[in-house]
Amino acid sequence: MKLALVLWLAAGSAVQAETQTLNWMPDLTQQQTYTWHLASSSDPTGANIDFRTVNPGETMTVLDTDGPGAISHIWFTMASLETYHLKRVVLRMYWDGEESPSVETPIGDFFGLGAGAYYSWQSEMLSVGNSKALNCFFPMPYRRHARITITNEGKMPISKLYFNIDYRTQSHPLPADTLYFHAQYRQAQPNRGWTNQEPGDANPVVHDVHNLTGKDNYVWFEAKGHGQYVGVTMSVLQNQDGWWGEGDPMFFVDGATSPTGGTGAEDYFLGAWGFGSAFSYQLYGAPQVGPGMAGDRQSVYRFHLDSPIPFAKSMKATIEHGSANNRADNYYSVAYWYQAEPHAAFPPLPPVEDRIPTLQIVGGPGNAPANQPSTGLSPK
């Protein structure tokens with residue numbers, strides 16, 4: 001099966017202010033030879049009770065199928081009365097009978113809702129439709145087997161879990177060099193900033209501090225083996241007033257000790273001048289933007305579908321939290337990449353209560369107690 005991550009089609013109409021018309025899809029002029037399947041929560045009796053209930057502590061398998069094949073689309077929506085259920089419900093995916101999942105993340109974070117609340121946004125690979133419709137279009141091939149589970153780590157049931165998973169089976173094996181989809185959750189609550197006295201980004205106290213090694217950077221993901229990084233979604237809970245996004249992205253490919261870097265968070269996520277207002281395009285966006293005060297929640301994303309970042313042996317993707325890691329905000333992220341199996345073990349998922357976005361007492365502007373002394377951490 002020829003499975004391409006992206007097929008760019010020429011845009012036939014003008015780009016509107018909030019939309020970009022870049023698409024990927026199979027060649028619709030050629031007859032497709034796969035067999036289409038749908039795993040869903042439909043009522044097996046033929047009635048209209050088209051949902052499942054997932055009780056606290058329960059794991060439900062929503063897809064369990066043999067290959068060779070590929071998942072092309074995943075849709076979830078759920079009803080729960082529990083606050084922050086998006087952080088308490090865990091999504092896992094396993095390929096070819098592996099014991100360690102290739103995808104492990106709170107379900108909200110996987111769909112870009114890392115601050116724990118619903119809002120609508122769109123991109124090429126992920127989107128949240130009007131209200132609470134969670135959609136994923138990342139292609140996910142598997143040679144022998146695919147399994148997807150939902151675990152309720154909350155204290156209240158998911159009263160209604162609806163799902164539709166489109167997948168294909170093939171009559172012939174996948175190419176030997178086919179890479180597998182991976183997604184890894186990380187968080188820092190809070191990051192360890194080296195000062196809580198924010199003087200402003202133009203002040204030499206911040207700008208004269210250098211970071212050439214990535215020491216103490218926030219880590220999006222680490223991988224061993226060969227593959228390619230394709231993007232990240234990240235949410236921020238500000239613990240202080242001011243601009244959170246001065247930190248530079250830094251990528252360490254194949255054991256490099258000197259990173260390939262960028263010029264700041266809003267630059268990496270392809271905005272400018274602090275974003276200003278919310279936006280979501282096909283490959284980049286900031287769909288949740290606050291005014292920059294303690295307690296504000298921000299969300300950003302970037303997909304490298306135009307040029308995935310390849311690695312032959314290993315990769316580590318990071319970003320500074322503030323200039324040279326001066327700030328102590330909370331970060332929550334999911335990185336997405338493709339690689340050959342087996343993959344390196346993921347860090348343990350934080351306990352459920354530690355995943356709930358919570359303002360941290362770090363001192364500094366807007367944070368109580370406002371005059372808390374410096375953390376004492378060295379920026380060097």
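Positions are given from 1, in the same order as the sequence printed here. The structure displayed is predicted, hence computed values, not measured ones.
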> For H145, does the NE2 atom have more than 12 heavy-atom neighbours from other residues, nucleotides or ligands under 6.0 Å away?
Replying inline: yes
> Between M234 and L283, is there a shared hydrophobic cluster once you connect ILVMFWY residues whose side-chain heavy atoms come closer than 4.5 Å?
Replying inline: yes
> Can F279 be reached from M125 by stepping across I, L, V, M, F, W or Y side chains whose heavy atoms are under 4.5 Å apart?
Replying inline: yes
> Do H343 and Y338 have ring centres separated by under 6.0 Å?
Replying inline: no
> Looking just at side-chain N and O atoms, do S299 and Q288 make a donor-acceptor pair shorter than 3.5 Å?
Replying inline: yes
> So how far is it from D329 CG to L237 CG, rounded to the nearest 0.5 Å?
Replying inline: 7.5 Å
> Any sub-3.5 Å donor-acceptor pair from T358's side-chain atoms to I356's backbone N or O?
Replying inline: yes
> How are the rings of F251 and Y229 set relative to one another: parallel (under 30°), tilted (30 to 60°) or perpendicular (over 60°)?
Replying inline: tilted
> Does the pair D66/R144 count as a salt bridge with the N-to-O cut at 4.0 Å?
Replying inline: no
>> How close do P56 and N152 get, counting heavy atoms only, and between which atoms?
In response: N-ND2, 3.6 Å
> What orientation do F346 and H182 show, parallel under 30°, tilted 30 to 60°, or perpendicular over 60°?
Replying inline: tilted
>> Looking at R88 and E153, is there a salt bridge between them, counting it only when a charged N and a carboxylate O are closer than 4.0 Å?
In response: no
> Do the side chains of I165 and V62 get nearer than 4.5 Å, heavy atoms only?
Replying inline: yes
> To the nearest 0.5 Å, how far apart are OG in S42 and CG in D50?
Replying inline: 6.0 Å
> Hey, are Y331 and S235 close enough side-chain-wise for a donor-acceptor pair under 3.5 Å?
Replying inline: no
> How many angstroms lie between CD in Q282 and CD in E124, if you round to the nearest 0.5 Å?
Replying inline: 5.0 Å
>> Test your reading of the model: is there a side-chain donor-acceptor pair from D241 to the backbone of M293, 3.5 Å cut-off?
In response: no
> So do T53 and K160 actually touch side chain to side chain, heavy atoms under 4.5 Å?
Replying inline: no
>> Is the shortest side-chain heavy-atom distance between R327 and E320 below 4.5 Å?
In response: no
>> Within this structure, what is the CZ-CG distance for the pair F76 and N164, rounded to the nearest 0.5 Å?
In response: 10.0 Å
> What are the two closest non-hydrogen atoms of D296 and P291, and how far apart are they?
Replying inline: OD2-CD, 3.1 Å
> Is it true that the NZ or CZ of K87 lies under 6.0 Å from the centre of Y332's six-membered ring and within 45 degrees of the ring axis?
Replying inline: yes
>> Let me check something: do F275 and Y119 share a hydrophobic cluster, defined by ILVMFWY side-chain heavy atoms less than 4.5 Å apart, either directly or through other members?
In response: yes
> Looking at OG1 of T33 and NE2 of H172, how far apart are the two atoms once the value is rounded to the nearest 0.5 Å?
Replying inline: 4.5 Å
> Closest heavy-atom contact between G255 and S314?
Replying inline: N-OG, 3.3 Å
> Can you list the steps and then say if K313 with K224 is a side-chain contact (heavy atoms from CB on, under 4.5 Å)?
Replying inline: CA-CA 6 Å; K313 297 182 297 182; K224 294 186 182 300; over 6 Å; no
> Is it true that a side-chain atom of N330 and a backbone atom of Q238 form a donor plus acceptor pair closer than 3.5 Å?
Replying inline: no
> Does some side-chain heavy atom of R355 sit less than 4.5 Å from a side-chain heavy atom of P106?
Replying inline: yes
> Do the non-hydrogen side-chain atoms of S333 and Q184 ever get within less than 4.5 Å of each other?
Replying inline: no
>> Using a 6.0 Å distance limit plus a 45 degree cone around the ring axis, check whether R147 lies over the aromatic ring of Y94.
In response: yes
>> I'd like to know whether I150 forms a side-chain contact (heavy atoms from CB on, under 4.5 Å) with T59, so could you lay out the CA-CA distance, the side-chain angles of the two residues, the decisive distance to 0.1 Å, and finally the verdict.
In response: CA-CA 6 Å; I150 295 291; T59 294; over 6 Å; no
>> Is a donor from one side chain sitting under 3.5 angstrom from an acceptor on the other, for E341 and S102?
In response: yes
>> Holding to ring pair (Phe, Tyr, Trp, His ring centres under 6.0 Å), I want the full list of residues that pass it with F252, two or more places apart in sequence or in another chain.
In response: none
> Within a strict 4.5 Å, meaning less than it, do heavy atoms of the H304 and S307 side chains meet?
Replying inline: no
> Is the number of heavy atoms from other residues, nucleotides or ligands under 6.0 Å of L81 CG greater than 12?
Replying inline: no
> Does the side chain of Y185 pick up a donor-acceptor pair with the side chain of Q187 at under 3.5 Å?
Replying inline: yes
>> Does any part of the side chain of I148, heavy atoms only, come nearer than 4.5 Å to the side chain of I74, both counted from C-beta?
In response: yes
> Are the aromatic ring centres of F269 and Y284 under 6.0 angstrom apart?
Replying inline: no
>> Using only atom types and a distance under 3.5 Å, with no angle test, would you say the side chain of H321 pairs donor to acceptor with the backbone of D216?
In response: yes
> So if you build clusters from Ile, Leu, Val, Met, Phe, Trp, Tyr with side-chain heavy-atom gaps below 4.5 Å, do Y162 and F110 land together?
Replying inline: no
> Should Y84 and V54 be regarded as members of a common hydrophobic cluster, given that ILVMFWY residues are connected when their side-chain heavy atoms come within less than 4.5 Å of each other, either directly or indirectly?
Replying inline: no
>> For H85 and Y118, take the angle between the two ring planes, folded into 0 to 90°, and tell me which bin it lands in: parallel under 30, tilted 30 to 60, perpendicular over 60.
In response: tilted
> So, Y180 and D96: side-chain donor and acceptor under 3.5 Å apart, yes or no?
Replying inline: yes
> Is a side-chain donor or acceptor of E266 paired with a backbone partner of G271 at a separation under 3.5 angstrom?
Replying inline: no
> If only atom types and distance count, is the side chain of S41 paired as donor or acceptor with the main-chain N or O of F163 below 3.5 Å?
Replying inline: yes
>> Centre-to-centre under 6.0 Å for H73 and F137, is that the case here?
In response: yes
>> For M250 and T260: C-alpha separation, side-chain torsions, deciding distance, then whether side-chain contact (heavy atoms from CB on, under 4.5 Å) applies.
In response: CA-CA 6 Å; M250 296 185 185; T260 299; over 6 Å; no
>> Using side-chain heavy atoms (C-beta onward) and a distance below 4.5 Å, is W337 in contact with W220?
In response: no
> According to the interplanar angle, ranging from 0 to 90°, do the rings of W121 and Y301 count as parallel (below 30°), tilted (30 to 60°) or perpendicular (above 60°)?
Replying inline: tilted
>> For a quick check under 3.5 Å, do N217 and N211 share a side-chain donor-acceptor pair by atom type?
In response: yes
>> Donor-acceptor pair, distance only, cut-off 3.5 Å: does the side chain of D248 make one with the backbone of A265?
In response: no
> Backbone N or O of A176 within a donor-acceptor pair of the R143 side chain at under 3.5 Å?
Replying inline: yes
>> Can a donor-acceptor pair be found, under 3.5 Å and without considering hydrogens, that links the side chain of N326 to the backbone of W194?
In response: no
> Within the side chain of D109, is there an N or O that forms a donor-acceptor pair under 3.5 Å with the backbone of T105?
Replying inline: no
> So Q360 and Q189, side-chain contact (heavy atoms from CB on, under 4.5 Å) or not? Walk me through it.
Replying inline: CA-CA 7 Å; Q360 303 294 301; Q189 186 165 254; 3.6 Å; yes
